[in-house]
Amino acid sequence: MKTTLLSKENNVVKFTMEFTAEEFDAAVVKAYQASKDQFVIDGFRKGKAPRSIIEKHYGEGIFFEDAINNMFQEAYPAAIKELDLEVIESPAADFSEIGHGKPLTVTITVGVFPIVEIKDYKGVEVEQVEAAVKAEDVDNEVKAMQKRNARVVTVEREVKDGDTVILDYAGFVGDDQFEGGTAENQELKIGSGMFIPGFEEQLVGAKAGEAVDVKVTFPEEYHAEDLAGKEAVFHCTVHEVKEEQLPELDDEFAKDVSEFDTLDELKKSIEEKLEKYAKDQTLNEAKNDAIEKVYQANEIDAPKNLVEDEIDSMAQELNRQLSYQGLGLQQYLQFMQKDMAEFRDELRADATKRVATRIILLSIADAENIEVTTEEMDAEIKEMASLYNVPEEQVRSMIGEDNMSFFGKDLMVKKAIDLIYDNANVKMVKEKTVVEPVAEEE
């Protein structure tokens with residue numbers, strides 16, 4: 001097959017796919033082989049009639065449609081890839097004269113991802129907060145590490161706030177024990193707020209082996225309507241009191257939890273990581289602000305089919321996130337008391353902005369002749385593999401060979417964002433200026 005680009009104007013592309021007579025005839029033979037079992041011809045067993053007999057009986061073109069469909073399914077994606085096109089709709093196709101022993105030319109007309117003229121994307125005014133890490137930020141990280149490495153040990157004393165208790169309880173409203181209010185060897189951290197208000201506080205001061213009656217009033221909005229707003233008593237027995245013991249913050253702690261020999265080295269490493277994170281965060285915020293200003297300066301008409309595709313992607317992403325919690329999108333919609341149409345309508349504004357922003361960035365990339373090299377794609381894959389701690393080949397497999405061109409477009413978008421930022425008037429500030437909305441006159 002030979003592919004030839006004829007024109008590319010107003011986001012519409014026209015090109016031809018040319019097949020030789022031999023390629024077309026081979027496709028006809030393949031179509032015959034795939035469907036010959038469907039034909040019953042007198043004098044032949046089912047599926048054994050020669051192609052010439054079937055064509056004589058049903059017409060010369062009996063296998064042409066299947067042959068052309070098979071050729072199109074293979075050739076069209078290859079042509080799109082060869083011409084580096086990002087199509088956004090189903091193509092329209094015109095065919096040359098079709099017949100045995102004749103070459104076939106298919107002329108394709110299809111809409112592609114819009115590339116438009118973008119204004120005011122250089123010289124954008126942006127405020128960027130200076131990244132700063134305080135000593136207390138480092139201390140908080142160290143304390144978090146200390147807490148993660150704490151031991152929980154059984155103690156012989158009264159319950160204090162922050163302790164963990166092991167207890168039995170049985171809940172009663174009046175003389176009636178209610179369903180769901182009973183447990184044995186339940187673990188509860190005092191002060192966690194896991195139980196209804198007032199329950200945990202009444203266990204403070206108890207000792208292991210003691211019985212405690214906890215009196216509470218269920219909230220008016222409690223999920224069990226038969227208990228909402230009612231007074232109840234939980235007969236509790238405390239079996240065990242445990243406290244959290246934190247390790248000493250010293251050089252031994254640093255050795256136990258990290259590759260460093262001293263606490264000072266550990267703190268220095270944490271400080272460097274926090275500084276990098278802060279710089280990355282403030283840089284990304286400044287870039288997002290710059291993109292937002294370019295977006296506001298340009299009116300972009302986002303094609304409806306691209307918006308709907310983006311909504312599909314957003315819905316799929318939410319469904320994937322819900323799956324980690326053992327839920328699905330339909331369950332989520334039932335819980336939120338919405339139907340799919342309402343859900344999609346809620347996403348439409350955000351999806352429209354996403355599509356418009358991508359149009360802006362790829363249009364800037366086109367205007368600035370931004371390209372992505374194979375080396376840059378390899379470097380990005382290597383960085384992703386390092387970030388997720390997986391082999392590079394696994395990252396390539398996740399992307400998929402057929403999606404490499406889209407992966408390259410994503411990198412092109414990143415480079416366009418960098419170009420906007422590099423050409424912006426960036427003012428470094430201690431904190432961002434907050435513009436108060438102007439109150440409307442009555």
Side-chain angles (χ1 to χ4, degrees), residues 10-11 86 113-134 136-137 271-304 306-307 310-311 313-314 317 346-373 376-377 379-380 383-384 387 406-442:
N10 299 322
N11 304 311
E86 187 174 345
F113 192 89
I115 298 298
V116 299
E117 185 176 349
I118 305 299
K119 64 180 181 179
D120 300 335
Y121 62 87
K122 290 185 178 179
V124 175
E125 301 284 343
V126 177
E127 286 186 350
Q128 182 173 339
V129 178
E130 294 177 359
V133 175
K134 301 176 183 177
E136 64 187 70
D137 297 328
E271 183 180 17
E272 290 172 354
K273 289 178 181 178
L274 289 177
E275 284 177 349
K276 183 182 184 306
Y277 175 79
K279 287 178 181 177
D280 289 345
Q281 187 176 39
T282 58
L283 175 60
N284 288 333
E285 288 173 355
K287 287 181 177 181
N288 288 336
D289 286 350
I291 294 168
E292 176 66 21
K293 290 189 176 181
V294 176
Y295 170 80
Q296 295 293 343
N298 291 270
E299 294 184 6
I300 303 297
D301 185 17
K304 290 183 179 179
L306 288 184
V307 173
E310 185 65 27
I311 292 174
S313 297
M314 295 168 72
E317 174 61 19
E346 289 179 355
L347 297 180
R348 188 158 283 108
D350 190 20
T352 301
K353 186 173 183 178
R354 290 189 186 191
V355 171
T357 301
R358 187 171 176 85
I359 291 173
I360 288 171
L361 294 171
L362 286 176
S363 295
I364 291 173
D366 182 76
E368 296 287 341
N369 296 314
I370 292 175
E371 295 181 348
V372 175
T373 65
E376 288 172 327
M377 294 177 69
E380 183 72 11
E383 185 176 337
M384 291 172 67
L387 178 65
F406 294 105
F407 180 66
K409 288 284 177 65
D410 288 341
L411 295 187
M412 200 176 290
V413 164
K414 283 187 176 182
K415 294 178 81 169
I417 293 172
D418 289 341
L419 183 141
I420 294 173
Y421 175 80
D422 292 341
N423 286 274
N425 294 323
V426 181
K427 179 182 178 183
M428 302 302 294
V429 296
K430 296 292 184 183
E431 57 184 24
K432 280 193 177 181
T433 303
V434 178
V435 179
E436 295 291 340
V438 179
E440 295 183 4
E441 294 183 5
E442 294 185 5

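Predicted model, so just to flag it, every value in this text is computed and none were measured.
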**Qualifying residues under side chain to side chain contact (heavy atoms under 4.5 Å, CB included), relative to Lys134, sequence neighbours excluded** = Glu136, Asp137

**Item:** Shortest non-hydrogen separation from Ala416 to Leu361 and the atoms involved
**Value:** CB-O, 3.4 Å

**Item:** Over all atoms of both residues, closest heavy-atom pair of Val126 and Ala286
**Value:** CG1-O, 3.6 Å

**Request:** Answer yes or no: is there a side-chain heavy-atom contact under 4.5 Å between Met412 and Leu362?
**Result:** yes

**Prompt:** Just wondering, do Ile300 and Pro114 contact through their side chains at under 4.5 Å, heavy atoms?
**Reply:** no

**Listed partners of Asp410 passing side-chain hydrogen bond (donor to acceptor under 3.5 Å, both in side chains), at least two apart** = Arg358

**Request:** State, yes or no, whether a side-chain contact exists between Leu411 and Met377 at a heavy-atom distance under 4.5 Å.
**Result:** yes

**Message:** Once side chain to side chain contact (heavy atoms under 4.5 Å, CB included) is applied, do any residues pair with Asp120, and if so which ones, sequence neighbours excluded?
**Reply:** Ala297

**Asked** Among all residues two or more places apart in sequence or in another chain, which pass the side-chain hydrogen bond (donor to acceptor under 3.5 Å, both in side chains) test with Lys273?
**Response** none

**Request:** Can you sort out the partners of Glu130 under salt bridge (Lys or Arg N to Asp or Glu O under 4.0 Å), two or more places apart, ordered by chain and number?
**Result:** Lys430

**Request:** Could I get the full list of side-chain hydrogen bond (donor to acceptor under 3.5 Å, both in side chains) partners for Asp280, not counting sequence neighbours?
**Result:** Lys276

**Request:** Not counting sequence neighbours, which residues clear salt bridge (Lys or Arg N to Asp or Glu O under 4.0 Å) with Asp301? List them please.
**Result:** none

**Prompt:** CD of Glu317: more than 12 outside heavy atoms within 6.0 angstrom?
**Reply:** yes

**Item:** With sequence neighbours excluded, residues passing side chain to side chain contact (heavy atoms under 4.5 Å, CB included) with Tyr277
**Value:** Gln281

**Item:** Sequence-distant partners of Lys293, salt bridge (Lys or Arg N to Asp or Glu O under 4.0 Å), two or more places apart
**Value:** none

Exercise answer: donor-acceptor pairs, residues 365-372 side-chain atoms, under 3.5 Å, sequence neighbours excluded:
residue, atom, partner, partner atom, Å
Glu368, OE2, Tyr121, OH, 2.6
Glu368, OE2, Lys122, NZ, 3.2

**Prompt:** Looking at residues at least two apart in the chain, or sitting in another chain, which of them share a side chain to side chain contact (heavy atoms under 4.5 Å, CB included) with Lys353?
**Reply:** Glu292, Tyr295, Thr357

**Asked** What are the two closest heavy atoms between Val294 and Asn298, and how far apart are they?
**Response** O-ND2, 2.8 Å

**Fill in**
Closest non-hydrogen contact found for Gln128 with Leu283 is NE2-CA, 3.8 Å

**Message:** Which residues pass the side-chain hydrogen bond (donor to acceptor under 3.5 Å, both in side chains) test with Asn11, not counting sequence neighbours?
**Reply:** none

**Asked** Hey, what do you get for CG (Asn10) to CD1 (Ile115), rounding to the nearest 0.5 Å?
**Response** 13.0 Å

**Asked** Would you say the side chain of Glu380 lies within less than 4.5 Å of the side chain of Phe407, judging by non-hydrogen atoms?
**Response** yes

